[in-house]
Peer 1: 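Structure provided below as structure tokens; questions to follow.
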Amino acid sequence: MNLFYDANNIYEAGAKAIAGSNFKQATQLFEMNQLLETAHLQRDLKEGRYEPEPGQKFIISERGKTRFITSNVMRDKTVNHVLCDEVLSPSIAPFVIYDNDASQKGKGVKHHRDRIEVQLHDYYQRHGNNQGWILLVDFSGYYPNIPHDKCLEVMDGFLDRSGLQPDEITVAKWLMRKILRTFELDVSRFSDEEIEEMMHAKINPMMNVGVDPKLLTGKKMLRKGCDIGSQPSQNIGIIYPYRLDNYAKIVRGVKGYGRYTDDFHAIHESREFLEELLAGFRVIAKEFDLIINEKKTRISPIDQPFRILKVQYWLTDTGKVVRKINPKSVTRERRKLKAYKRLLDAGRIDYETVENSFKSWIGGNWKLMSMQQISNMSLLYYELFQRRITWKKGHGRLNWLMGQPWRA
């Protein structure tokens with residue numbers, strides 16, 4: 001049976017969708033009628049009547065960047081789980097390099113940070129010194145600027161090599177096109193020349209925020225961009241610029257290469273080699289209509305601090321890799337705690353939310369912080385809220401460090 005028509009697959013996908021947001025009312029209503037919803041989805045997929053919704057878009061602001069996040073309805077989340085878990089992820093997995101770490105089981109931010117440390121250690125073992133260079137490259141507006149035609153060309157190629165049944169590949173391609181249509185932006189108010197220019201330039205995915213709805217007629221749509229928050233976008237983000245990975249790893253033989261979505265790096269003993277590598281990256285990026293952020297792209301010595309994923313690294317002359325939290329991250333968290341205090345006093349937030357937010361931050365960063373930084377953050381938290389963090393289990397060493405009066 002076609003896996004998209006298998007009621008067991010659809011039901012299990014719905015269970016995964018429920019587990020991700022079972023505190024929401026819409027999720028609970030879907031769970032109450034899951035068997036019926038499963039039957040309706042099975043019918044719609046078989047008859048080709050399934051139509052995904054654009055989803056609910058909301059705005060977040062992080063470190064000065066404002067962006068859209070998309071939350072899909074439960075029906076679409078269910079179909080996305082079937083498509084991604086059963087088809088897209090297995091199809092692209094054989095072609096993903098080991099040091100491509102985003103949005104994959106068993107990988108993630110920690111794995112990527114650990115791999116950078118391993119690569120620096122390997123460099124020292126091969127060369128016996130820390131006199132090397134690292135190329136740091138970043139795409140500008142990665143997800144909003146992925147063109148749909150080239151994206152489908154890439155994804156279709158991997159689906160054709162997936163080994164799935166022909167009818168399953170056909171349904172997967174049909175769903176991909178349906179989903180990408182929900183990512184399109186209404187550009188009816190622009191001329192054809194302006195729209196053509198948008199296809200090859202950086203766009204703002206929030207261009208329609210605050211625009212008069214009468215101007216958004218739907219007559220012209222910009223077929224570009226993938227919504228952050230939608231599960232298929234994660235698979236697209238992992239594999240879309242795969243030729244960059246192959247060029248670095250296979251064509252140029254760079255051992256110290258890695259990519260985390262739109263951030264990638266390469267370590268080498270020759271600065272000239274990295275300049276040539278960057279030139280190759282630019283050519284491939286242009287072919288994929290991706291924009292390299294020249295302000296963030298640079299070549300740095302590995303014996304001096306450089307930053308990847310908010311962590312500073314450098315390689316010492318003894319072969320030790322130093323990892324430290326970016327001081328700006330600590331400053332940002334201190335400001336956030338003070339803002340939480342104001343919101344708490346105004347009754348706009350509860351203490352549990354404050355505590356969970358701080359526990360999440362310090363739990364993920366304390367191993368990169370000095371004892372003085374941990375103590376200072378703990379002291380600030382106590383001064384603001386007159387309470388100490390409580391842990392249900394684990395975090396024994398962190399709990400001890402937060403209670404010590406370290407002095408510089």
Peer 1: Check whether NZ of the Lys or CZ of the Arg Arg387 lies under 6.0 Å from the centre of the six-membered ring of Tyr382 and within 45 degrees of that ring's axis.
Peer 2: no
Peer 1: Could you tell me whether Glu287 and Arg282 make a salt bridge, using a distance below 4.0 angstrom between a side-chain N and a carboxylate O?
Peer 2: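 Not counted as a salt bridge, because no side-chain N and carboxylate O are separated by less than 4.0 Å.
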Peer 1: Give the C-alpha distance, both sets of side-chain angles, the deciding distance and a yes or no for ring pair (Phe, Tyr, Trp, His ring centres under 6.0 Å) between Phe281 and Phe264.
Peer 2: CA-CA 11 Å; Phe281 285 157; Phe264 47 108; 5.2 Å; yes
Peer 1: Please list all pairs passing the ring pair (Phe, Tyr, Trp, His ring centres under 6.0 Å) test where one or both residues lie in residues 217-242, with sequence neighbours left out.
Peer 2: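 For residues 217-242, and leaving out neighbouring residues, the ring pair (Phe, Tyr, Trp, His ring centres under 6.0 Å) pairs sorted by first residue read Phe158-Tyr242, Tyr240-Phe288.
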Peer 1: Would you mind telling me which of His112, Lys110, His111 makes a side-chain hydrogen bond (donor to acceptor under 3.5 Å, both in side chains) with Asp114?
Peer 2: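 Exactly one option meets the side-chain hydrogen bond (donor to acceptor under 3.5 Å, both in side chains) with Asp114, and it is Lys110.
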Peer 1: Work out which heavy atom in Lys77 is nearest to a heavy atom in Ser21; give both atom names and the distance.
Peer 2: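 Nearest pair, atom of Lys77 first, then Ser21: NZ-OG, 3.7 Å.
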Peer 1: State, to 0.1 Å, how close Leu315 and Asn130 come at their nearest heavy-atom pair, and which atoms those are.
Peer 2: O-ND2, 2.9 Å
Peer 1: Can you find a side-chain donor-acceptor pair between Arg189 and Asn208 that sits under 3.5 Å?
Peer 2: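 Arg189 vs Asn208: donor-acceptor pair found between side chains.
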Peer 1: With a 4.5 Å limit on heavy-atom distance, are the side chains of Tyr98 and Arg115 in contact?
Peer 2: yes
Peer 1: So which atom in Asn80 and which in Ser230 form the shortest heavy-atom distance, rounded to 0.1 Å?
Peer 2: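 Looking at all heavy atoms of both residues, the shortest contact is ND2-OG, 4.0 Å.
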Peer 1: Within 45° of the six-membered ring axis of Tyr313 and under 6.0 Å from that ring's centre, is NZ or CZ of Arg323 located there?
Peer 2: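 No, Arg323 does not lie over the aromatic ring of Tyr313.
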Peer 1: Is it true that the side chains of Gln119 and His265 contain a donor and an acceptor less than 3.5 Å apart?
Peer 2: yes
Peer 1: Regarding Asp350 and Thr353, do their side chains bring together a donor and an acceptor under 3.5 Å, going by distance alone?
Peer 2: yes
Peer 1: Going by atom types only, do Asn129 and Glu269 share a side-chain donor-acceptor pair under 3.5 Å?
Peer 2: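 The criterion, which ignores hydrogens and geometry beyond distance, is not satisfied for Glu269 and Asn129.
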Peer 1: Is a donor from one side chain sitting under 3.5 angstrom from an acceptor on the other, for Asn235 and Ser89?
Peer 2: yes
Peer 1: Using a strict threshold of under 4.0 Å (side-chain N to carboxylate O), is an ion pair present between Asp122 and Lys255?
Peer 2: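 Answer for the salt bridge query: no.
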Peer 1: So Phe139 and Tyr142, would you call those rings parallel, tilted or perpendicular, with 30° and 60° as cut-offs?
Peer 2: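 Correct class here is parallel.
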Peer 1: Going by atom types only, do Arg252 and Tyr247 share a side-chain donor-acceptor pair under 3.5 Å?
Peer 2: yes
Peer 1: Do you know the tightest heavy-atom contact between Pro52 and Thr182?
Peer 2: O-CG2, 3.7 Å
Peer 1: May I ask you to check if Lys341 and Tyr381 form a cation-pi contact, with NZ or CZ under 6.0 angstrom from the six-membered ring centre and within 45° of the axis?
Peer 2: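 No, cation not above the ring by the 6.0 Å, 45° rule.
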Peer 1: When you check the side-chain N and O atoms of Asp99 and Tyr257, is any donor under 3.5 Å from an acceptor?
Peer 2: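 No, because no side-chain N or O of Asp99 sits under 3.5 Å from a partner of the opposite role on Tyr257.
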Peer 1: Is any side-chain heavy atom of Asp160 less than 4.5 Å from a side-chain heavy atom of Lys173?
Peer 2: yes
Peer 1: Ignoring hydrogens and angles, state whether a donor on the side chain of Gln131 or His127 is under 3.5 Å from an acceptor on the partner side chain.
Peer 2: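 No - no donor-acceptor pair under 3.5 Å links their side chains.
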Peer 1: Under a 4.0 Å threshold between the charged nitrogen and the carboxylate oxygen, would Asp289 count as salt-bridged to Lys150?
Peer 2: yes
Peer 1: Do Lys219 and Ser188 pair up side chain to side chain, a donor and an acceptor below 3.5 Å, judged on atom types alone?
Peer 2: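 On atom types as modelled, these side chains do not qualify, holding no pair under 3.5 Å.
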